[in-house]
Amino acid sequence: MHTITLINGDGIGPEISASVVKIIKASGLDIDWDVQTAGADVIEAEGVPLPQRVLDSIKKNKVALKAPVTTPIGKGFRSVNVQLRKSLDLFANIRPCKNLPGVKTRFDNVDLVVVRENTEDLYAGIEEQIDNDTAHSIKVITRKASERICKFAFDYAVKNNRKEVCVVTKANIMKLSDGLFLESFRHVANDYPQIAKKEILVDNLCMQLVQDPSRFDVLVLPNLYGDIVSDLCAGLIGGLGVAQGANIGLDCAVFEPVHGSAPDIKGQNKANPTALLLSAVEMLKYIGENSYADKIEKALFKTLSQGYKTCDLGGNLSTVEFTDKIIANL
Ligand code: NAI
């Protein structure tokens with residue numbers, strides 16, 4: 001039996017986690033979930049939002065499924081998500097974006113993958129209050145992390161039969177930092193003659209993505225652009241409720257949706273569990289349980305094709321009703 005760390009998260013996290021755990025169990029796969037709490041709820045008892053026990057659990061089990069955790073905006077503790085990715089050196093954030101059967105969007109031909117650098121850039125958290133009216137935030141880009149993520153993107157392309165990798169920067173303005181990311185890409189690209197290469201500025205990318213997303217295949221980006229562009233790409237395939245993700249390191253991997261804790265619909269039995277479920281499907285493939293992954297994915301696709309949907313996709317099913325429809329299709 002597999003033992004997997006489960007972070008239920010907060011906001012809609014517990015509702016969508018319960019849904020996914022129920023679906024995996026109904027598929028017949030037995031998983032021993034090592035449930036770990038994190039975020040604002042544990043601060044009072046344990047003093048920090050990301051206790052060491054959570055990191056130890058993931059290091060031990062090597063794999064985790066994670067629902068979203070709220071980060072206070074503008075003040076309060078540092079993001080648990082950013083800390084987790086940094087502490088475990090989960091350097092690659094992979095966010096595949098592909099149309100889902102039965103989910104009508106503006107485009108029918110979206111099939112791209114966002115590969116986001118996950119450990120540095122403006123997310124390094126180096127901020128300084130210069131005076132009352134001035135704050136600085138330092139953008140950290142290193143050759144080591146940039147070459148590592150670019151190599152990951154090319155290897156991913158080779159392994160997954162992708163044709164092109166496109167690097168996304170703003171190297172015309174941030175000539176040193178984004179310039180180094182671009183230089184690293186060009187250096188690594190030399191080792192992959194079989195893969196086509198493209199270079200684009202992030203503003204132009206955003207415009208082209210909303211005009212014709214079929215122009216893109218694998219995108220590799222520094223942390224901040226990767227975060228923003230992956231939400232844009234989620235919008236191309238039906239929204240945050242369906243956008244999956246994975247954080248991969250050399251020793252362990254944490255699978256989580258692109259979306260956050262959605263406080264606006266918390267506790268209302270409205271959240272779409274699809275994004276976390278698709279993240280879990282990738283997790284099952286990662287641990288070699290391909291037949292269960294396929295079975296669950298097929299049941300999800302069938303359910304959506306039958307027109308059963310949660311509110312975010314224009315349907316009227318609750319989280320629990322949608323979950324039960326998927327289980328009926330297993
Ligand atoms: P959000 O992704 O939580 O929500 C944005 C919009 O999408 C909301 O209207 C929400 O209702 C909707 N939405 C998101 N997921 C949905 C789902 N599964 N089903 C149906 N509708 C869904 O983004 P927001 O509001 O900017 O962030 C809320 C909190 O989440 C913040 O504290 C943020 O820091 C945190 N966050 C955590 C992440 C993580 O744990 N990996 C990632 C992104 C944000």
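Note: hydrogens, waters and symmetry copies are ignored here, and every other heavy atom, side chains too, is used. Every number for a ligand or one of its atoms is a count from 1 in the order of the listing.
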Exercise. Could you name the protein residues that come within less than 4.0 Å of ligand 1, counting only heavy atoms, and order them by chain and residue number?
Key: Ile12, Lys66, Pro68, Val69, Thr70, Thr71, Asn81, Arg85, Leu240, Gly241, Glu256, Val258, His259, Gly260, Ser261, Ala262, Pro263, Asp264, Ile265, Ala271, Asn272, Asp312
Quiz prompt | Sidechain-backbone polar pair: Lys325 side chain, Leu300 backbone, donor-acceptor under 3.5 Å | solution = no
Quiz item: Tyr156 and side chain to side chain contact (heavy atoms under 4.5 Å, CB included): which partner among Ile94, Val220, Ile248?
Solution: Ile94
Exercise. May I ask you to decide if Glu120's main-chain N or O and Asn223's side chain share a donor-acceptor pair within less than 3.5 Å?
Key: yes
Practice problem: Would you please indicate yes or no on a ring centroid separation below 6.0 angstrom for Phe255 and Tyr286? | Solution: yes
Self-check item: Distance flag, aromatic centroids of Phe181 and Tyr225, threshold under 6.0 Å
Solution: no
Quiz item: Is it true that a side-chain atom of Glu46 and a backbone atom of Ile43 form a donor plus acceptor pair closer than 3.5 Å?
Solution: no
